Amino acid sequence: MVSNSLERHIAELRKYWMGLNSDTVVHCRAVLAKLASSSNSEGWLAKLHQNREATTELYRDSELGFILLAHVETQGLYRNPHNHGDGWVFYALQHGEVEMSTYGLVRTVKGEEQLVSRGSYTMHPGDCSAFLPGDIHDTRCLSDYSLMFRLTSCDFSEEKRQGRLQQFAEL
């Protein structure tokens, strides 16, 4: 028997994880939005709020390859525009507010590459965003702190080692 919302939602993620396709994106976003709405009274979630560690690995699926992490960020923390290489990621906000901005990488008439803003939006608890391979985004914590779940398609440290992740200068 599954004992808490984390275990229930991990079981659902495993059920719907079929590689990158529209069904996976739709189902995983819905599952993560429900996970982000879990009660803070559950022990595993209360501990995340109490400890407020920058990163906590909640689950790593050795068969399917995805990783579920919890991230706590403090007010004003800004993460420069970046992508996740060949990987893809979901962000689901559990607590606080986070501004997400997205960008396109375009070539100017002079042949130089530059980032062009596609706009920004504020994530609120229960919101979930998906970023596909090559999508460029940044984040800024707007509240005293935020707790966000991040579901990754693979171990991004491997993407970094292989030089597929890109970081861009702050705009």
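Computed from a predicted model, the values in this text were never measured in an experiment.
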Taking the side chain from [X] and the backbone from [Y], do they hold a donor-acceptor pair closer than 3.5 Å?
| X | Y | answer |
| --- | --- | --- |
| Asn51 | Leu48 | no |
| His71 | Phe149 | no |
| Arg29 | Cys128 | yes |
| Thr24 | Gly19 | yes |

Over all atoms of both residues, closest heavy-atom pair of [X] and [Y]:
| X | Y | answer |
| --- | --- | --- |
| Leu77 | Arg79 | CD2-NH2, 3.5 Å |
| Asn83 | Ile136 | CB-CG1, 4.3 Å |
| Gln75 | Ser143 | CB-O, 2.9 Å |
| Gly126 | Ser37 | CA-OG, 4.2 Å |
| Pro81 | Tyr103 | CG-CE1, 3.8 Å |
| Ser5 | Ser38 | OG-OG, 2.9 Å |

Side chain proximity check, [X] to [Y], heavy atoms < 4.5 angstrom:
| X | Y | answer |
| --- | --- | --- |
| Asn4 | Leu45 | no |
| Lys34 | His9 | yes |
| Val25 | Leu20 | yes |
| Leu35 | Leu68 | yes |
| Thr74 | Cys141 | no |
| Leu147 | His49 | yes |
| Asp23 | Tyr16 | no |
| Met100 | Asp138 | no |

Co-membership, hydrophobic cluster, residues [X] and [Y], 4.5 Å side-chain:
| X | Y | result |
| --- | --- | --- |
| Leu142 | Leu93 | no |
| Leu132 | Val26 | no |
| Met18 | Leu151 | no |

Measure the spacing between [atom1] of [X] and [atom2] of [Y] and express it to the nearest 0.5 Å.
| X | Y | atom1 | atom2 | answer |
| --- | --- | --- | --- | --- |
| Lys47 | Asn40 | NZ | CG | 15.5 Å |
| Thr139 | Arg150 | OG1 | CZ | 9.5 Å |
| Arg140 | Ser101 | CZ | OG | 7.5 Å |
| Ser62 | Arg60 | OG | CZ | 10.0 Å |
| Tyr121 | Asp127 | OH | CG | 8.5 Å |
| Met148 | Leu69 | CE | CG | 12.0 Å |

Q: Test Tyr59 against every option in Leu6, Ile10, Ile67 by the side chain to side chain contact (heavy atoms under 4.5 Å, CB included) rule and name the one that passes.
A: Ile10
**Q.** Tyr145 six-ring face occupied by Arg52 cation (under 6.0 Å, within 45°)
**A.** yes
Q. Name the one of Phe131, Trp17, Phe66 that satisfies ring pair (Phe, Tyr, Trp, His ring centres under 6.0 Å) with Trp88?
A. Trp17
Q: Using the test salt bridge (charged side-chain N to carboxylate O under 4.0 Å, His left out), find all partners of Arg14 that sit at least two apart in sequence or belong to another chain.
A: Asp61, Glu63
Q: Apply side-chain hydrogen bond (donor to acceptor under 3.5 Å, both in side chains) to His95 and list each qualifying residue two or more places apart in sequence or on a separate chain.
A: none
Q | Test side chain to side chain contact (heavy atoms under 4.5 Å, CB included) applied to Trp44 and Glu7, step by step | A | CA-CA 10 Å; Trp44 68 273; Glu7 292 170 352; over 6 Å; no
